[in-house]
Amino acid sequence: MFLVIKFTMRELLLEIFNILYKEFGKQHWWPAETKDEIVIGAVLTQNTAWSNVERAISNLKKAGVIRLKDIVCVDESLLKELIKPAGFFNQKALYLKSIASFIEGHGGLSSLSKQDTHKLRSMLLSVKGVGKETADSILLYAFERPVFVVDAYTKRLVSRHRLSEDLSYDGIQRLFMENLPLDVGLFNEYHALIVKLAKVYCKKKPLCSGCPLERL
DNA sequence: CACCAGGAATGTA
DNA sequence: TACATTCATGGT
């Protein structure tokens, strides 16, 4: 006879979080000095290694182009040169221009923060270059709203550990948001810890050997 | 040399 | 709706 231990999805997701938190500790995300910098970094890191984003942000700071209002004003070809290390610089220069002019055109982040989360999300999604993950990253880390960010690593985690059949963005986001307390601090650390896990252990290895979640 | 990185837009069926 | 292609630099 088997000893069958049934976990609720809530308990399982919290257990995964506890394992990761015990292993890696607090991650102190988002790695930026200002809210404006979070928005800029969210666009620059699209399908790009963070080390390359750091070079781009370093260039922007040296050039004095680190506030969203600076992005609006700066010459586009200069902007492309500054962010070149982050890759896709033609697209990303355009994307930065569009999100910066959108936010500044609405009175800045402080004015937009008066909107409720659902409305704010749809507004962000209407901006060229802002998809679901970028919008949710901005909502969680810049606006401090309890929104779970789903990235490629999150999908891989859910897939490998068979936490859900539905591997779509919305399906995975619902999995976390319907089974966990809607807590900004929890979602902040959870997403950051998943990225940390991937960087340390699971680059491309199918079985994650040595990974702290191996026993799950 | 190939492959990947904290995606999104666009086009096709 | 579900895939395929394109965008581009720097590390492994």
* What are the two closest heavy atoms between A:N52 and A:P85, and how far apart are they? -> CB-O, 3.2 Å

* To do: Check step by step if side-chain hydrogen bond (donor to acceptor under 3.5 Å, both in side chains) holds for A:S77 and A:D75.
  => CA-CA 6 Å; A:S77 55; A:D75 176 70; 2.4 Å; yes

* Asked: Considering only the P atoms, how many Å lie between B:dG6 and C:dT5, rounded to the nearest integer?
  -> 24 Å

* Asked: Is any side-chain N of the basic residue among A:D70 and A:R67 closer than 4.0 Å to the acidic one's carboxylate O?
  -> yes

* To do: Mind running side chain to side chain contact (heavy atoms under 4.5 Å, CB included) on A:S137 and A:E133 for me, showing each step along the way?
  => CA-CA 6 Å; A:S137 294; A:E133 184 183 338; 4.2 Å; yes

* Asked: Nearest-Å distance, CD (A:Q46) to P (C:dT9)?
  -> 17 Å

* Structure fact -> Here the residues of residues 129-149 of chain A within 4.0 Å heavy-atom distance, strictly under, of DNA chain C are none

* A:I71 and A:I40: which non-hydrogen atoms are nearest, and at how many Å? -> CG1-CD1, 4.0 Å

* Whole-Å gap separating P (B:dA5) and NZ (A:K155) -> 13 Å

* Chi angles and distances behind the side chain to side chain contact (heavy atoms under 4.5 Å, CB included) call for A:V72, A:K97 -> CA-CA 6 Å; A:V72 174; A:K97 283 283 188 180; 5.7 Å; no

* Nucleic acid contacts of residues 166-186 of chain A, taken as heavy-atom distances under 4.0 Å to DNA chain B -> none

* Check: A:F187 ring centre within less than 6.0 Å of A:H191 ring centre -> no

* Across the strands shown, which category fits A:V150 at heavy-atom distances under 4.0 angstrom: base, sugar-phosphate, nothing? -> nothing

* Which letter, B, S or -, goes with each nucleotide of nucleotides 3-8 of chain C from 5' to 3', with contact meaning a protein heavy atom under 4.0 Å? -> ----BB

* Asked: For DNA chain B, which residues in residues 24-44 of chain A have a heavy atom at a distance below 4.0 Å?
  -> A:W29, A:W30, A:P31

* Structure fact -> Separation of B:dA8 atom P from A:Y95 atom OH, nearest Å, is 9 Å

* For C:dA4 and B:dC4, measure between their P atoms and round to the nearest Å. => 15 Å

* Contact under 4.0 Å: A:R55 side-chain N or O vs C:dG11 OP1/OP2 -> yes

* **Distance, rounded to the nearest Å, where A:N188 contributes CG and B:dG6 contributes P** => 17 Å

Less than 3.5 Å apart, which donor and acceptor atoms pair up between the side chains of residues 19-29 of chain A and the rest of the protein, not counting sequence neighbours?
| unit_1 | atom_1 | unit_2 | atom_2 | d |
| --- | --- | --- | --- | --- |
| A:E23 | OE2 | A:Y201 | OH | 3.3 |
| A:Q27 | NE2 | A:F24 | O | 3.3 |
| A:Q27 | NE2 | A:G25 | O | 2.9 |

* d(NZ, A:K199; P, C:dG11) in whole Å -> 14 Å

* For A:F89, is the NZ or CZ atom of A:K80 found under 6.0 angstrom from the centre of its six-membered ring and inside 45 degrees of the ring axis? -> no

* Asked: CG/A:L157 to CG/A:L197 distance, rounded to the nearest 0.5 angstrom?
  -> 7.0 Å

* Asked: If we take the P atom in both B:dA8 and C:dG10, what is their distance in whole Å?
  -> 22 Å

* **From CZ (A:F102) to CG (A:L68), nearest 0.5 Å** => 11.5 Å

* In whole angstrom, give the distance that lies between atom CG of A:L96 and atom P of B:dA8. => 13 Å

* **A:K132 with A:D170: basic N within carboxylate O range, under 4.0 Å** => yes

* Structure fact -> Interatomic distance, OG1@A:T45 vs CD1@A:I38, rounded to 0.5 Å, equals 13.0 Å

* Residue whose closest nucleotide on DNA chain B lies nearer the 5' end, A:V127 versus A:T45 -> A:T45

Check the interface with nucleotides 10-13 of chain B: list each N/O to N/O pair with the protein under 3.5 Å, or write none.
| unit_1 | atom_1 | unit_2 | atom_2 | d |
| --- | --- | --- | --- | --- |
| B:dT10 | OP2 | A:K128 | NZ | 3.4 |

* To do: I would like to know whether A:K92 and A:T48 meet side-chain hydrogen bond (donor to acceptor under 3.5 Å, both in side chains); could you show each step before the answer?
  => CA-CA 11 Å; A:K92 287 177 179 176; A:T48 299; 2.8 Å; yes

* Hey, are A:K61 and A:E33 close enough for a salt bridge, meaning a charged N less than 4.0 Å from a carboxylate O? -> yes

* Spacing of CD belonging to A:E165 relative to CG belonging to A:L175, to within rounding of 0.5 Å -> 11.0 Å

* **Ion pair check, A:D136 and A:R145, cut-off under 4.0 Å** => no

